[in-house]
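Only one structure is covered here, and it is reproduced in the block below.
By convention in this document, chain letters (A, B, ...) are assigned in the order of the sequence lines, proteins followed by strands, and residues within each chain are numbered from 1.
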2 protein chains.
Amino acid sequence: MDAAERLITSTQDLLWERGYVGTSPKAIQQRADAGQGSMYHHFTGKPDLARAAITRSAAELRDLAAQQFDAPGSAYDRIAAYLRRDRDVLRGCRVGRLTQDPDVIASPALREPLEATLSWLRSRLAALIAEGVAAGEFRASLDPEATAATLVAVVQGGYVLARSADSPALFTQAVDGALALLR
Amino acid sequence: MDAAERLITSTQDLLWERGYVGTSPKAIQQRADAGQGSMYHHFTGKPDLARAAITRSAAELRDLAAQQFDAPGSAYDRIAAYLRRDRDVLRGCRVGRLTQDPDVIASPALREPLEATLSWLRSRLAALIAEGVAAGEFRASLDPEATAATLVAVVQGGYVLARSADSPALFTQAVDGALALLR
DNA sequence: GTCTATACGGGGATAGAC
DNA sequence: GTCTATCCCCGTATAGAC
C-alpha cells in the first residue's frame, strides 16, 4: 500500500474513533507511518484528506448494506438481515457519527457524502418495504418512506444507546423492538 | 448569575454545539466572560467543569421529558406528545451527542450521567407502553422494554438523519413512522 | 515523493500577585 | 475570587532541501 492509500485508511479509522475535530494531521501521519511532507504532497490539508476518507467510508458502507439488501429471501428477511448484521456496535457508525461534528456539518464538501449515504439507505429500505407491502407481508397502511426513515434512525440511535451504557445489547434490543413492530 | 454559574451554562452550550473534544477552556471562559483564574478557582479543570455541565443538562432533559410523560391523556397520546415535542432538531440531543465523544465514553464520571438519563428515558417509556398494553391501546405482544428502546433510538437517530441532510423534516418523518408502527 | 526546519496560535494548565 | 504571567506541547500548516 502506498503512502497516499495508507493516509486515507488511517484517516478513516481516526474519523471513526475520534471524529473530525478530534483527529489531527499529526495523528494521521503517525498511524499511516508517513511524514508531514508526504501528507501535504498528496493532499492539500486536513479537509481534503478527510473528504477522501469520508467518501471511501461511505462507499464501503453502501457495499456492505447492499449485500443484505440484495440477498435472497422475503422483504422482511432482508430487512432483518440488514438490521441484525454483525456489527462492531460500540464503535458506532462511521458515517452517522460524523453528523455530530460541527465542522463536518458546516462544510458542504464533507457533509455531502453523509447525506448521500443515509439517503441511499433510506431509499433502498423504502423500496424493500414497498415490496413487502405489495406481497402482503406488511400491513397496507405503512408509509414506505416514513418507515424506512424510522428503521435507519433505529440503527443510528441504537448505537447511541449502546455506547451510553457500554453495552451492545441495547442496540440489539432497539432493533428487535423495531422488527417486532414491523410485523 | 455568578461566575461559576456562567461557566456551567456556557459549558453546557459549547458541549452541545461542539462536543467535549471540540470545547476548549479558553472558549468556555470567553463565552462565560470569566478569566482563567476564575475558572480554575471554581473547577479543577476541564473534566470537572464538563461533569457539572453534563449533569445539569441531563437533569434539564429529564424535567422536559417528564412534562410530556406526566401530562393527561392516553398512553399513546403521551408518547406521541413526547416524540412530537417542539425540538431544535438540527442542534441534536445535548445528552445523546456526547455519546459520540471518545473522551466522554472513556471516562466513567462523564459517561455516567448519559447512561442514567437514557436509561431513565427508556424505563419511563416502557412503563407507558405497558400501561397502553394493559389498556388495550397496543397489541398485547409488544415487549415494553424493547419497544421503549426502539423509541428512544428513533429520537436519537432522527437527529442524525436531520443533521445529515440539514433538514428537520427527516426527524419528523422518522418519528411519524414509529408512531404509525406503534398503533 | 519525502524529509527537515520553521512558524504561530491554541489547548490545558500552574504560580503568584492583587 | 480574579488577574496576569508563564509553561510546554499540539494543531495545522508553509518552505526549501534532497
Side-chain angles (χ1 to χ4, degrees), chain A residues 1-56 97-98 100-111, chain B residues 1-56 97-98 100-111:
Chain A
M1 208 164 50
D2 64 11
E5 198 58 26
R6 290 199 313 275
L7 283 163
I8 292 178
T9 58
S10 298
T11 305
Q12 286 185 272
D13 287 353
L14 283 165
L15 288 179
W16 195 354
E17 280 170 35
R18 308 201 39 85
Y20 184 82
V21 273
T23 296
S24 71
K26 174 175 294 193
I28 293 169
Q29 292 151 24
Q30 284 171 348
R31 186 171 299 214
D33 196 22
Q36 304 250 56
S38 182
M39 171 175 152
Y40 285 100
H41 171 74
H42 293 290
F43 301 93
T44 67
K46 176 176 160 175
D48 185 34
L49 178 47
R51 161 107 171 134
I54 294 173
T55 303
R56 177 81 63 91
R97 82 138 286 162
L98 295 171
Q100 300 301 322
D101 222 301
D103 294 2
V104 170
I105 291 306
S107 154
L110 297 181
R111 183 171 65 77
Chain B
M1 208 163 51
D2 65 10
E5 198 59 25
R6 290 199 313 276
L7 284 163
I8 292 178
T9 58
S10 298
T11 304
Q12 287 185 270
D13 287 351
L14 283 164
L15 289 179
W16 195 354
E17 280 170 36
R18 308 200 41 85
Y20 184 82
V21 273
T23 296
S24 71
K26 175 174 295 196
I28 293 169
Q29 291 151 25
Q30 284 171 348
R31 185 171 301 213
D33 198 21
Q36 304 251 53
S38 182
M39 170 175 153
Y40 285 100
H41 172 74
H42 292 290
F43 302 93
T44 68
K46 176 176 161 176
D48 185 35
L49 178 48
R51 161 108 172 134
I54 294 173
T55 303
R56 178 81 63 92
R97 82 138 286 160
L98 296 171
Q100 301 300 322
D101 223 300
D103 294 1
V104 170
I105 291 305
S107 155
L110 297 181
R111 183 170 65 75

*Does A:His41 have a side-chain nitrogen or oxygen under 4.0 Å from the phosphate oxygens OP1 or OP2 of C:dC3?*
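No, because none of the side-chain N or O atoms of A:His41 sits under 4.0 Å from OP1 or OP2 of C:dC3.
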
What integer distance in Å separates [X]:[atom1] from [N]:[atom2]?
X: B:Leu7; N: D:dG1; atom1: CG; atom2: P; answer: 13 Å
X: A:Leu14; N: D:dT12; atom1: CG; atom2: C1'; answer: 16 Å
X: A:Phe43; N: D:dT12; atom1: CZ; atom2: P; answer: 16 Å
X: B:Lys46; N: C:dT14; atom1: NZ; atom2: P; answer: 15 Å
X: A:Met39; N: D:dA13; atom1: CE; atom2: P; answer: 7 Å
X: B:Arg6; N: D:dT2; atom1: CZ; atom2: P; answer: 8 Å

*Partners of B:Thr55 by side chain to side chain contact (heavy atoms under 4.5 Å, CB included), sequence neighbours excluded?*
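With neighbours one apart ignored, the set is B:Arg51, B:Pro113.
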
*Rounded distance (nearest 0.5 Å) linking atom OG1 of A:Thr23 with atom CD of A:Gln12*: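 Those atoms lie 12.0 Å apart.
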
*asked:* Nearest 0.5 Å, please: how far is CG in B:Leu7 from NE2 in B:His41?
replied: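 Here the rounded value is 11.0 Å.
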
*Strictly below 4.0 Å, heavy-atom distances to any atom of DNA chain D: list the hits from residues 24-38 of chain B, or just say none.*
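Nucleic-acid contacts, sorted: B:Gly35, B:Gly37, B:Ser38.
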
*asked:* Test of understanding: with salt bridge (charged side-chain N to carboxylate O under 4.0 Å, His left out), list the residues that count as partners of B:Arg6, not counting sequence neighbours.
replied: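 Listed in chain order: nothing, the list is empty.
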
*Tell me which nucleotide among D:dT12, C:dG12, C:dG1 gets nearest to the side chain of B:Tyr40.*
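Side chain of B:Tyr40 sits closest to C:dG12.
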
*Choose from C:dA13, C:dT2, D:dT12 the nucleotide whose nearest atom is closest to any side-chain atom of B:Pro47.*
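Selected nucleotide: C:dA13.
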
*Is the backbone N or O of A:Leu49 less than 3.5 Å from a side-chain atom of A:Thr11, with the two atoms forming a donor-acceptor pair by type?*
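Side chain of A:Thr11 to backbone of A:Leu49, a donor-acceptor pair under 3.5 Å: no, none is there.
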
*Would B:Leu110 and B:Leu98 count as a side-chain contact (heavy atoms from CB on, under 4.5 Å) if you check the C-alpha gap in whole Å, the side-chain angles of each, and the deciding distance to 0.1 Å?*
CA-CA 9 Å; B:Leu110 297 181; B:Leu98 296 171; over 6 Å; no

